[in-house]
Amino acid sequence: MICVRSNPSPAPQEDAWVTSYQRLVPHWHSVSLSHQHSSIPISISRVNQFDAARLDIELSAMLKEQLVKVFSLMKPGMLFQYEPELDAFLEFLIWRFSIWVDKPTPGIALMNLRYRDERAVALRGKALPTSLVCLSPYLSAVRTGLEGPGLTFAQKMWYCVAAVGGQYILARLQSFSAFRRWGDSEQRPLARRAWGLMQRIEGLYKAASFGNLLIFLYTGRYRYLIERSLQARLVYESPNMNRAVSFEYMNRQLVWNEFSEMLLLLLPLLNSSTVKSFLHPFSKDKSSSSKEDDSICPICWASPTLVYLALPCQHRYCYYCLRTRCAAVPSFQCSRCSEPVVAMQRHGSVVEHKTQSQ
């Protein structure tokens, strides 16, 4: 009689557990990973986040400078009236080709950062059933805590409304109220109330921004109020990328600081009578050359077609250059002698007061 010993069959409970595991893994794999990622504490460098904001500001200034050069041949002062619209247009372009298409802004990209929706990460972590916690050893993966979805459509739109539209409305209200002089006591009560309301709102916003800054320095999350309200957090794009630090800018700053300090020490010597007497023979030639340059407008550095004189110094300007500067700056000083301009006069005509030109 031959006895054949067969392999023991798996226990019914173990077979049922393996079957349920195979069924549940494809469905809950991504949710389980997000739960594990949300439990990993991460720390984002505050310096990197501030540097990203500074780089975005510098980029916007560079784009504005190039755009202003396009209108350099047009009437002076025309672009000054539409400066808020120009700033809003540039901010909209940066938002359209970065955040709207799920890409970081140039400054954020240079600092190896990106926006992550913290609400979605928290919701995915809470949605994981406790019955699947036992499967976590079988769902092992390389986790850094930086995983998570980007901003949603609603978050992108609200970011554009607050960052682009909010700044534009604030700039327009400030310029309009200053031009209408709402803060003067001679204005109507409604205008004074509107001015007071604007000042209170601006004060509350600055106080809230200061409080948000203190919280950011403590926790390292959400640089601005808009990021905190939208739950848009900056995290690293790649966990293995080191922060590139260049000391060229710092070296230039140190050199210029030392040079400026040296000039401050030399200025008293240049004002002394001995140095003035030594430089007196050379100043005669310069005075003759300055008389030749007096026929050129000191603002646009071109020969003025419509010559106007700034009073009381009587230096020559272009009509449009002098009028736009007097209208933009009430206490405008002459570009040649730094004397306050109180009126303007056409060359060979009667005096035209500065208040009338405004």
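All values below were derived from every heavy atom in this structure, side-chain atoms included, with hydrogens, water molecules and symmetry-related copies excluded. Only a predicted model underlies this, so the values are computations on that prediction, with no experimental measurement involved.
- Within the 4.5 Å cutoff, the side chain of C337 has heavy atoms near those of the H315 side chain.
- N112 places none of its side-chain heavy atoms less than 4.5 Å from the side chain of N48.
- One hydrophobic cluster holds both M198 and F176 under the rule that ILVMFWY side chains link at heavy-atom gaps under 4.5 Å.
- A continuous path of Ile, Leu, Val, Met, Phe, Trp and Tyr side chains, each step under 4.5 Å between heavy atoms, connects V101 with Y115, placing both in one hydrophobic cluster.
- Put simply, the side chain of L214 does not reach to within 4.5 Å of the side chain of Y218, judged on heavy atoms.
- Within 6.0 Å of the CZ atom in F216, the count of heavy atoms belonging to other residues, nucleotides or ligands exceeds 12.
- Within the 3.5 Å criterion, the main-chain N or O of Y222 finds no donor-acceptor partner in the side chain of R233.
- A donor-acceptor pair under 3.5 Å links the side-chain atoms of R228 to the main chain of R221, judged by distance alone.
- By the rule that hydrophobic residues join a cluster once side-chain heavy atoms approach within less than 4.5 Å of another member, V307 and Y320 end up as members of separate clusters.
- Closest approach of S60 and E91 over heavy atoms only: OG-OE2, 3.4 Å.
- Connection of M157 to L230 is established within a shared hydrophobic cluster, with ILVMFWY side chains joined at heavy-atom distances below 4.5 Å, either directly or through further cluster members.
- Separating the CG atom in L204 from the OG atom in S209 is a distance of 10.5 Å, to the nearest 0.5 Å.
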For this session: Take R114 and D102, measure what salt bridge (Lys or Arg N to Asp or Glu O under 4.0 Å) needs, and give me the verdict at the end.
Result: CA-CA 9 Å; R114 70 177 182 92; D102 293 327; over 6 Å; no
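- D56 is not listed as a side-chain neighbour of I94, based on a closest heavy-atom distance of 4.5 Å or more.
- Considering only heavy atoms from C-beta on, R346 comes within 4.5 Å of L306 through its side chain.
- Within the model, atoms CD of Q231 and CG of L151 stand 11.5 Å from one another, a figure rounded to the nearest 0.5 Å.
- Looking at every heavy atom in both residues, D51 comes nearest to M111 through CB-SD, 3.7 Å.
- Tracing side-chain contacts under 4.5 Å through hydrophobic residues (I, L, V, M, F, W, Y), one never reaches L170 starting from W95; they form parts of separate clusters.
- Counting all heavy atoms, side chain and backbone alike, R336 lies closest to C297 at NH2-C, 4.4 Å.
- Remark: the backbone N or O of P149 is not paired with any side-chain donor or acceptor of D117 at under 3.5 angstrom.
- Among all heavy-atom pairs drawn from G107 and L55, the shortest one is CA-CB, 3.7 Å.
- Atom CZ of R116 and atom OH of Y236 lie 12.5 Å apart (nearest 0.5 Å).
- K69 NZ to L67 CG: the interatomic distance, rounded to the nearest 0.5 Å, is 11.5 Å.
- Residues V341 and C334 share a closest heavy-atom pair of CG2-N, 3.9 Å.
- Checked against a 6.0 Å centroid threshold, the rings of Y308 and Y317 do not count as neighbours.
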For this session: Decide side chain to side chain contact (heavy atoms under 4.5 Å, CB included) for S335 and I299; before the verdict, give the C-alpha distance in whole Å, the side-chain angles of both, and the deciding distance to 0.1 Å.
Result: CA-CA 7 Å; S335 301; I299 296 178; 4.2 Å; yes
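- The closest side-chain heavy-atom distance from Q167 to D87 is not below 4.5 Å.
- Atom CD of Q345 sits about 7.0 Å away from atom CD of Q314, to the nearest 0.5 Å.
- Among all heavy-atom pairs drawn from E339 and C313, the shortest one is OE1-CB, 3.6 Å.
- Aromatic rings from W158 and F153 are positioned such that their centres are separated by 6.0 Å or more.
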Problem set entry | L86 and V68: CA distance, side-chain angles, deciding distance, side chain to side chain contact (heavy atoms under 4.5 Å, CB included) verdict | CA-CA 9 Å; L86 180 62; V68 168; 4.1 Å; yes
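- Side-chain N or O atoms of S175 include one that pairs as donor or acceptor with a backbone N or O of A171 at under 3.5 Å.
- The side-chain heavy atoms of P304 and Y319, taken from C-beta on, include no pair separated by under 4.5 Å.
- Surrounding CZ of R172 are more than 12 heavy atoms belonging to other residues, nucleotides or ligands, all under 6.0 Å away.
- One finds the CG atom of L225 at 4.5 Å from the CG atom of N212 (value rounded to the nearest 0.5 Å).
- Heavy atoms from other residues, nucleotides or ligands lying under 6.0 Å from CZ of F50 number more than 12.
- The closest donor-acceptor contact from the side chain of Q49 to the backbone of G220 lies under 3.5 Å.
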